Amino acid sequence: MAELRIYNSLTRQKEVFTPLVPGHVGMYVCGPTVSGESHLGHARPYITFDVVYRYLQTLGYKVRYVRNITDAGHFEEEGREATDKIAEKAKLEQLEPMELVHKYTRLFHWAMEQFNTLPPSVEPTATGHIVEQIGMIEQLIAAGFAYEVQGSVYFDVKKYAASYDYGKLSGRIIDELLTTTRELDGQEDKKDRTDFALWKAAAPEHIMRWQSPWGVGYPGWHIECSAMATKYLGKQFDIHGGGMDLLFPHHESEIAQSTICNHQAPVRYWMHNNMITINGRKMGKSYNNVIRLTELFSGSHPLLEKAYHPMTVRFFILQTHYSSTLDFSNEALQAAEKGLKRLWEAYQKLKKIDYVQKGAPGNGTDEALTQTVNRLLGEVPSFMNDDFSTAKVLANFFELVPVINAIYDGHTPAGALSASTLLHMQKEMTHWLETVLGLQGMEEGGHDKLEQVMNLLIDIRKEARGRKDFMTSDKIRDRLASVGIQLKDEKGGEMTWRID
RNA sequence: GGUCCUGUGGCCGAGUGGCUAGGCAGAGCUCUGCAAAAGCUCCUACAGCGGUUCGAAUCCGCUCGGGACCUCCA
């Protein structure tokens, strides 16, 4: 069995994955801030790490997957006012902060279900771990790496950098940070501009607030991940994932905090997915080019030509390696849609092939084809083991599509492939496409199409009855009944139907 | 300004120095009452200029273009 290799952002190279505790994997992924609706960009990390989670499990690991919900808004250091994003939005929508947070949390969960992502093992909330965060801050103060100023607590980056490598993960040079960071107002409290907040004193109008040793306030952003990761995964764990944009300062700061508190580097393998861009630009609130997931699924956004199925999006994302930027366009998404449809149809056809009838009892008659199939299937694990190269996995399955179609249509003679080869192919497709990549079919589901089909059948039946072709008429009604649809003749020749 | 990534055919995208993925679109043919689907075939690219090498999309240098991070961000 080949080894799994993961690109580690910390060392900037692919490394053989060896879990801390044999057979077990601890994985932490930065979750969403639920101050607003999830957008297309959010789909990337959660789908990426869902595949990582699934794959590790199929390798036999017992995985504890922790993904937080950031529901305690952090301050925005823009200009003078340090405002709480969540509190601000809540006022805007006339909602209680927790009401708002729950609304968007539910929406997030709903979207994740659409994408067929597995729920994490633990999904801790920042507000539920204030105690742990305060505890960690106290440790940092006691260790001399944090200081309090007027009810707020900051991490002393300069002091940390004196004995540790602050900037190792993000490739930042501390001296440059110290001199380059731009001047911001309202930060007189800090000893140095690079210091980041662990705890912020809450202004009177601030709605989200907690009691702390330093007065009433709320936690900084970085501390929540450190506190929750430590609590659920221990002082050191295997994998930490998130978007590349979180490298600095978020993950860099996480390392600093945890290193001081736990006396060791918290994470062994850092994984970062790249961004989804739209027209070459990163999608983000500041760029005003955000496509929300609800808009994506319904097609209700000026940039969208049509609605896109969640599976199309999932497939679209998996067709690219997670470390590359992925540019969104209608053309690209529609290509993905067609591609997935073709792949899935072939997969369904394969399931319908009668192995006993069409497969040869012993070896298939077409040895070359058998070898091709076995090679294509055999390569797949090595692709996944090579830093989760889902794009290559999909490419190989696409090469099987014509093989399957040809057998199904009879272009390839029956018996070319043995029954066991066909079965093997089917099992592998189920395993990789469904279990590992988490893909599903794109059933149209909606009643619109069914409605149209029924109208068509009703029309045909009316015509048949018009020429007294009751054999056809009865056939339609009986066959529909057998699939659970009751067709009733109303007075005046109209027909109605309902699903039993 | 600093740090880093990137530039592949009409479009999206794999690519570990040699055997030059895959998808979408397009063209032709086969099948077909029509259409669709499907099958077969074709279109074969690596920003530019140098260099290393028997051999480079892949390594090195320069030029040009695009992007990310340095601020909340997936």
Side-chain angles (χ1 to χ4, degrees), chain A residues 5 9 12 14 29-33 35-36 38-49 67 70 73-79 82-85 167 170-173 175-177 179-182 184 193-194 196 221 241-250 252 272-277 279-287 290 315-316 319-343 345-346 349 376 379 382-383 386-387 389-412:
Chain A
R5 290 158 61 82
S9 308
R12 286 148 221 269
K14 281 186 197 169
V29 174
C30 288
T33 301
S35 61
S38 308
H39 59 255
L40 175 58
H42 289 106
R44 187 121 195 232
Y46 306 131
I47 288 172
T48 297
F49 291 105
R67 187 182 66 204
T70 297
H74 9 79
F75 46 89
E76 292 181 341
E77 294 177 321
E78 282 175 11
T83 53
D84 184 313
K85 207 193 282 177
S170 53
R172 215 89 345 171
I173 298 161
D175 291 336
E176 260 157 23
L177 281 175
T179 54
T180 311
T181 309
R182 70 189 157 113
L184 290 172
R193 282 171 295 179
T194 54
F196 55 87
W221 176 33
M244 264 177 62
D245 51 344
L246 299 181
L247 268 166
F248 189 89
H250 187 53
E252 197 71 61
H272 289 95
N273 63 275
N274 216 315
M275 302 291 101
I276 287 183
T277 58
N279 297 325
R281 266 254 130 61
K282 180 180 135 179
M283 181 176 300
K285 281 164 196 160
S286 28
Y287 293 108
V290 175
F315 179 79
F316 175 63
Q319 258 191 317
T320 308
H321 192 259
Y322 71 85
S323 64
S324 307
T325 53
L326 177 58
D327 196 46
F328 167 90
S329 69
N330 281 288
E331 207 179 358
L333 224 40
Q334 280 163 33
E337 184 177 75
K338 285 181 189 168
L340 174 59
K341 192 162 166 267
R342 180 153 171 261
L343 179 65
E345 279 173 3
K349 282 180 194 168
L376 289 170
E379 285 171 346
S382 63
F383 294 155
D386 184 16
D387 198 27
S389 298
T390 55
K392 288 168 118 183
V393 172
L394 288 171
N396 269 29
F397 282 112
F398 266 111
E399 290 200 55
L400 289 173
V401 168
V403 176
I404 295 166
N405 284 332
I407 292 172
Y408 188 81
D409 294 345
H411 292 292
T412 296

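Order of the sequence lines sets the chain letters (A, B, ...), proteins ahead of strands, with each chain counted from 1. Since the structure is predicted, the reported quantities are computational estimates derived from the model, not experimental observations.
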>> Treating primed atoms plus P, OP1 and OP2 as sugar-phosphate and everything else as base, which nucleotides of nucleotides 19-39 of chain B get B, S or - for protein heavy atoms under 4.0 Å?
In response: --BSSSS------------SS

> Is it true that A:Lys341 and A:Glu337 make a salt bridge, defined as a side-chain N closer than 4.0 Å to a carboxylate O?
Replying inline: no

>> Side-chain N or O of A:Ser323 versus OP1/OP2 of B:C5: is the shortest distance under 4.0 Å?
In response: no

> So, do A:His321 and A:Ser389 sit near enough that their side-chain heavy atoms are less than 4.5 Å apart?
Replying inline: yes

> Aromatic rings A:His39 and A:His42: how do their planes relate, parallel, tilted or perpendicular, breaks at 30° and 60°?
Replying inline: tilted

>> With a cut-off of less than 4.0 Å, is there a side-chain N or O of A:Ser324 near OP1 or OP2 of B:A14?
In response: yes

> Considering only B:C69, B:A74, B:A68, which nucleotide approaches the side chain of A:Phe248 most closely?
Replying inline: B:C69

> Are any non-hydrogen side-chain atoms of A:Asn405 and A:His411 less than 4.5 angstrom apart?
Replying inline: no

>> How about NZ on A:Lys349, more than 12 heavy atoms from neighbouring residues, nucleotides or ligands closer than 6.0 Å, or not?
In response: yes

> Whole Å only: how far is the CD atom of A:Glu252 from the C1' atom of B:C4?
Replying inline: 14 Å

> Which whole number of Å gives the distance between the C1' atom of B:C49 and that of B:G13?
Replying inline: 27 Å

>> If a pair means Watson-Crick or G-U wobble with both distances below 3.5 Å, what does RNA chain B look like in dot-bracket form, with | marking bases paired to a different strand?
In response: (((((((..(((.....[...))).(((((.......)))))....(((((..]....))))))))))))....

> Is there a donor-acceptor contact under 3.5 Å from the side chain of A:Asn273 to the main chain of A:Tyr322?
Replying inline: no

> Taking the P atom of each, how far is B:A47 from B:U8, in whole Å?
Replying inline: 6 Å

> Among B:G13, B:G15, B:A74, which is the nearest nucleotide to the side chain of A:Asn273?
Replying inline: B:A74

> Do A:Arg67's NZ or CZ and the ring of A:Phe49 fall within the cation-pi criteria of under 6.0 Å and 45°?
Replying inline: no

> Taking for each residue the nucleotide of RNA chain B with the nearest heavy atom, is it A:Asp386 or A:Leu40 whose nucleotide lies nearer the 5' end?
Replying inline: A:Asp386

